[in-house]
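Taking it in order: structure first as structure tokens, then the write-up.
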Amino acid sequence: MLSVAVPGELTPRQREATFRRGGNLLLEAVPGSGKTRVIVARCASLLDDGIPAAEILVLTFSRRAAAELRTRLARTVANGPLPDIRTFHGFAAQLLAETGNAGRTWRLLSEPAERALF
């Protein structure tokens, strides 16, 4: 499955991120450096290792990036379930809904209000 997910060679650092095991992984890099390719390869590799899709969470900043990850991973994982791929905001909204706090009004603090609070 990995050869389908990664059409080309991974750099040593990308390989390290793809095959690292033992917990969470934060992937930060400049635009165009292959983050999406590495995330797709990592998810495919975890699924190949028998990790259930329901135990894999991928968080990103934008809906566009989440959609791109879902599309690429769906092409890679032909008939299996996909990991949970969400934006940070979408994940937080789900947590609020699950804890019964979804009906409350939430808003982001302005910078001055944040400084005053902390």
Side-chain angles (χ1 to χ4, degrees):
M1 184 184 310
L2 188 57
S3 61
V4 175
V6 186
E9 292 296 317
L10 293 171
T11 68
R13 298 282 306 223
Q14 289 172 331
R15 272 191 145 336
E16 181 182 337
T18 298
F19 297 107
R20 182 180 171 276
R21 298 296 184 262
N24 301 324
L25 177 68
L26 172 65
L27 187 61
E28 293 180 296
V30 298
S33 61
K35 291 182 298 294
T36 302
R37 180 175 40 160
V38 171
I39 293 169
V40 169
R42 179 171 170 77
C43 287
S45 175
L46 289 168
L47 293 168
D48 277 348
D49 285 355
I51 306 295
E55 293 183 19
I56 302 170
L57 173 64
V58 178
L59 296 176
T60 187
F61 287 103
S62 71
R63 284 179 270 182
R64 182 175 160 214
E68 177 67 19
L69 282 165
R70 275 189 217 98
T71 298
R72 288 197 202 183
L73 199 53
R75 277 189 251 138
T76 303
V77 182
N79 295 321
L82 296 178
D84 193 3
I85 301 171
R86 298 177 174 271
T87 64
F88 286 94
H89 289 100
F91 181 69
Q94 177 190 1
L95 288 179
L96 289 172
E98 289 174 358
T99 60
N101 291 308
R104 295 183 59 182
T105 302
W106 300 95
R107 64 182 175 86
L108 295 176
L109 292 175
S110 65
E111 281 190 44
E114 183 180 315
R115 278 194 296 276
L117 179 64
F118 293 105

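All residue numbers refer to positions in the sequence shown, counting from 1.
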Considering only residues two or more places apart or on different chains, which pairs with a residue in residues 21-54 satisfy ring-ring contact (aromatic ring centres under 6.0 Å, His included)? none
Once rounded to the nearest 0.5 Å, what's the spacing between atom CG of Leu46 and atom CZ of Arg20? 10.5 Å
Please enumerate all residues that pass side chain to side chain donor-acceptor pair (under 3.5 Å) together with Glu16, with sequence neighbours excluded. none
I need the minimum non-hydrogen distance between Gln14 and Arg37, along with the two atoms involved. NE2-NH2, 3.5 Å
With sequence neighbours left out, what residues match Ile85 under side-chain contact (heavy atoms from CB on, under 4.5 Å)? Val58, Ala66, Leu69, Arg70, Leu73
At what distance, to the nearest 0.5 angstrom, does CD of Glu68 lie from OG of Ser62? 10.0 Å
Residues Ala44 and Thr76: closest non-hydrogen pair is CB-CG2, 3.9 Å
Using the test side-chain contact (heavy atoms from CB on, under 4.5 Å), find all partners of Leu57 that sit at least two apart in sequence or belong to another chain. Leu59, Asp84, Phe91
Report, as yes or no, whether the 6.0 Å neighbourhood of atom CZ on Arg63 holds more than 12 heavy atoms from other residues, nucleotides or ligands. no
side-chain contact (heavy atoms from CB on, under 4.5 Å) partners for Glu55, two or more places apart: Ile51, Pro52
Residues in side-chain contact (heavy atoms from CB on, under 4.5 Å) contact with Leu27, at least two apart in sequence or another chain: Ala17, Lys35, Val38, Ile39
By side chain to side chain donor-acceptor pair (under 3.5 Å), Asn24 pairs with (sequence neighbours left out) none
Sorted by chain and number, sequence neighbours left out, side chain to side chain donor-acceptor pair (under 3.5 Å) with Arg21 holds for Ser45, Asp49
Please tabulate, one pair per line, all N/O donor-acceptor pairs under 3.5 Å involving side-chain atoms of residues 110-118, not counting sequence neighbours.
from	atom 1	to	atom 2	distance (Å)
Ser110	OG	Ala113	N	3.3

Only pairs at least two apart or in different chains count here, so list each ring-ring contact (aromatic ring centres under 6.0 Å, His included) that has a residue in residues 64-90. Phe61-Phe88
Which heavy atom of Ala53 sits nearest to which heavy atom of Pro81, and what is that distance? CB-O, 3.5 Å
